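For clarity, every value in this text was computed on a predicted model and none was experimentally measured.
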Amino acid sequence: MANLISQKYALLVCLFSLALAHVHSKPQTSQPYRTAYHFQPPKNWMNGPFIYKGIYHLFYQYNPKGAVWGNIVWAHSTSFDLINWKPHVAAIYPSKPFDINGCWSGSVTILPGGKPVIFYTGIDSQNLQVQNLAYPKNLSDPFLTEWVKIPQNPLISPTLGNQVNATAFRDPTTAWLGPDKHWRLAIGSLRNQSGVTYLYRSKDFLSWVKAKHPLHSEKKAGMWECPDFFPVLKTSPIGVDTSTYGPDVKHVFKVSLNDTWKEYYTIGTYDLDKDVFVPDNGSVDSNLGLRYDYGKFYASKTFFDSSKNRRVLWGWINESSPEYYYKEKGWSGLQAIPRTIWLDKSGKQLLQWPIAELKKLRTKQIKLPSTVLKGGSVHPVLGVTAAQADVQVTFEISDFNKADVLEPSWTDPHNLCSNEGALVKGGLGPFGLLVLASKDLEEYTAVFYRVFRGHTHNESVVVMCSDQSRSSLNEKFDKSNFGAIVKVDPVHEKLSLRSLIDHSVVESFAGDGKASITARVYPTLAIHGDTRLYTFNYGRESVKIVGSAWSMRTASINQSK
Ligand SMILES: *[C@@H]1O[C@H](CO)[C@@H](O)[C@H](O)[C@H]1NC(C)=O
Ligand SMILES: *[C@@H]1O[C@H](CO)[C@@H](O)[C@H](O)[C@H]1NC(C)=O
Ligand SMILES: *[C@@H]1O[C@H](CO)[C@@H](O)[C@H](O)[C@H]1NC(C)=O
Ligand SMILES: *[C@@H]1O[C@H](CO)[C@@H](O)[C@H](O)[C@H]1NC(C)=O
Ligand SMILES: *[C@@H]1O[C@H](CO)[C@@H](O)[C@H](O)[C@H]1NC(C)=O
Ligand SMILES: *[C@@H]1O[C@H](CO)[C@@H](O)[C@H](O)[C@H]1NC(C)=O
Ligand SMILES: *[C@@H]1O[C@H](CO)[C@@H](O)[C@H](O)[C@H]1NC(C)=O
């Protein structure tokens, strides 16, 4: 991952490794923001997650020494259910000239015969970014704890007739097999301000040749990191192996933009003749494009879970605090709940939903019977551990004609939600949830809907907002709001909203997975037992609500026995 990032976070990671030990012995209140069911290593840009013989492996970027440039290793945890995790020793760490200054992100590919291999970016002795291969030492070890770097490394070097930018050449994808039985993989780069994903081909996985054309590129996009390229089925939510192609398949191309710290994806066709990705007409790259998550979510990666035939998305959730604050609490960054991801029936966007296994942590269901929420009302949801909960509700609007007309200038939902926080009354909405709220609502994070009518036609525009402006009495945090358009028809469909609340993280899903927003917040009053959960409707018109809330158990994450 980014040069800059690794340096920037090196120290924090180091502090974490010291801090982790006493986190558990300290009284709970000293760590109000420590999450209970999110995977929370010190620092984690995604590396290749995968499944091998029924065990899930997660690698993340970690600096055990911390204080100096580099030293980034692949820390390693395993799980049987993607919820509870067991820590292992680092899988890959700097030891050879081809990775002595860092072992950055990469991906796992399962070779024929079920053997996993890791392709990762090494920072070599000259600080160039090169691509290396490693394999498990002992395939009979179910946890694959030891990894061996092959002596031929680096397999792909930026200087060997490749003419690629040697300081912006990283994050190899999972490799896939083409119809010609040759392997392909893609690597993120920057070429004269253009974001580029180079394509490499190989017959034997060892000797790699750069294709004449990149898999995909875009002018003025800046560095493209953490590219991800995978097939989705047109007519089924079932996930498929990365090497799948054919008439039933569309392809998804995702990049993380180093310049803005945002991720975008496009849906299109993988043109096998030209070996390039062609976005569909209307599916645009970057800035105006689609995002997995319109809040805090970066450096994500998917993998095909062959045990459940699904594609699973993992993303990294950044802090919203100044850096000195990381040190104060001794850790930073965590992992979003893994999400199943598939193509919407429209073919125009992806859908996502927290993996089904998360339900195992649900306990003590509180039913919210069908109720009319009058305009201007707030209702407590009682009986739930509101700092650690899963809430799922649906709203039904009464009369679409009461919707406000969308201002023509409001083309960006992010701006809309920034201008119209939860306290701005509308015709239909805001209605939704007040989470991580204090008793008297001095603090809360508001996750809500607004329904508008288009300014030229009578069409509906549904916006999902996450308003952090009152999330904490502490003024030092980044409390920017987030917004997303949800492609649902509020006249004929109910508006669903699910929020996963975990002390300092709120992951929310609207429109049955059509849009999601992750917020990172640090309440000062609404912590532990003092946290409340409310439903609200600050719009003029009433809406109907029904749903459930569950207290969530604490998962067992990286606790060494
Ligand atoms: C490989 O792993 C298996 C299972 O953990 C173990 O029994 C065996 O001794 C290991 N082999 C070697 C050569 O370490
Ligand atoms: C980058 O731009 C320079 C100047 O415009 C040009 O000479 C060079 O060929 C370009 N490099 C690439 C890789 O496109
Ligand atoms: C190569 O990457 C560096 C960042 O590592 C960037 O500053 C430089 O402009 C890039 N060069 C070209 C030709 O794109
Ligand atoms: C990444 O973004 C930062 C600014 O956020 C910039 O300073 C750096 O040059 C960028 N690196 C690349 C490789 O584009
Ligand atoms: C793409 O869509 C636009 C409008 O939706 C249309 O004008 C244009 O002709 C389309 N282009 C192609 C290549 O289909
Ligand atoms: C992390 O969040 C902080 C505060 O919101 C922001 O300034 C920073 O750019 C973010 N970094 C990344 C890598 O997303
Ligand atoms: C707008 O659409 C709604 C729902 O389809 C319909 O009930 C209403 O009559 C329409 N209003 C106008 C002014 O066309």
Could you pull out all donor-acceptor pairs under 3.5 Å where a side-chain atom in residues 392-399 meets a protein atom, sequence neighbours excluded?
unit_1: Gln392; atom_1: OE1; unit_2: Arg362; atom_2: NH2; d: 3.1
unit_1: Ser398; atom_1: OG; unit_2: Ser542; atom_2: O; d: 3.1
unit_1: Asp399; atom_1: OD1; unit_2: Asn401; atom_2: N; d: 3.0

Under 3.5 Å, which donor-acceptor pairs do the side chains of residues 343-351 form with other protein atoms, sequence neighbours left out?
unit_1: Asp344; atom_1: OD2; unit_2: Ser346; atom_2: N; d: 3.4
unit_1: Asp344; atom_1: OD2; unit_2: Ser346; atom_2: OG; d: 2.7
unit_1: Ser346; atom_1: OG; unit_2: Lys348; atom_2: N; d: 3.1
unit_1: Gln349; atom_1: NE2; unit_2: Lys514; atom_2: O; d: 2.9

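Under the 30°/60° scheme for interplanar angles, the aromatic rings of Tyr33 and Tyr522 are found to stand perpendicular. Taking the six-membered ring for Trp and thresholds of 30 and 60 degrees, Tyr60 and Phe39 have ring planes more than 60 degrees apart, a perpendicular arrangement. Ring orientation note: the planes of Phe536 and Phe448 are nearly perpendicular, at an angle over 60° on the 30°/60° scale. Taking the six-membered ring where the residue is Trp, Tyr52 and Phe50 present tilted rings, their angle falling between 30° and 60°. Ring pair Phe431/Tyr449 is tilted by interplanar angle, where 30° to 60° counts as tilted.
With values rounded to the nearest 0.5 angstrom, Asn537 atom CG is found 12.0 Å from Thr371 atom OG1. How far CH2 of Trp316 is from OG of Ser300: 12.0 Å, rounded to the nearest 0.5 Å.
In this structure, the side-chain contact (heavy atoms from CB on, under 4.5 Å) partners of Thr174, at least two apart in sequence or on a different chain, are Ser107, Thr109, Thr242. Here Thr554 pairs with Ala36, Gln388 under the side-chain contact (heavy atoms from CB on, under 4.5 Å) rule; sequence neighbours left out. In this structure, Tyr264 has no ring-ring contact (aromatic ring centres under 6.0 Å, His included) partners at least two apart in sequence or on a different chain.
Centroid-to-centroid, the aromatic rings of Phe229 and Trp176 come within less than 6.0 Å. Taking the centre of each ring, Phe253 and Trp224 come in below the 6.0 Å mark.
Of the charged side-chain nitrogens involved, none lies within less than 4.0 Å of a carboxylate oxygen, so that Lys220 and Asp259 do not count as a salt-bridged pair.
In terms of heavy-atom proximity, Ala386 sits nearest to Arg532 at CB-C, 3.5 Å. Residues Ser370 and Val546 share a closest heavy-atom pair of N-CG2, 3.8 Å.
Contacts classified as disulfide (SG to SG under 2.5 Å) and involving residues 353-393 (residues at least two apart or in different chains) are not found.
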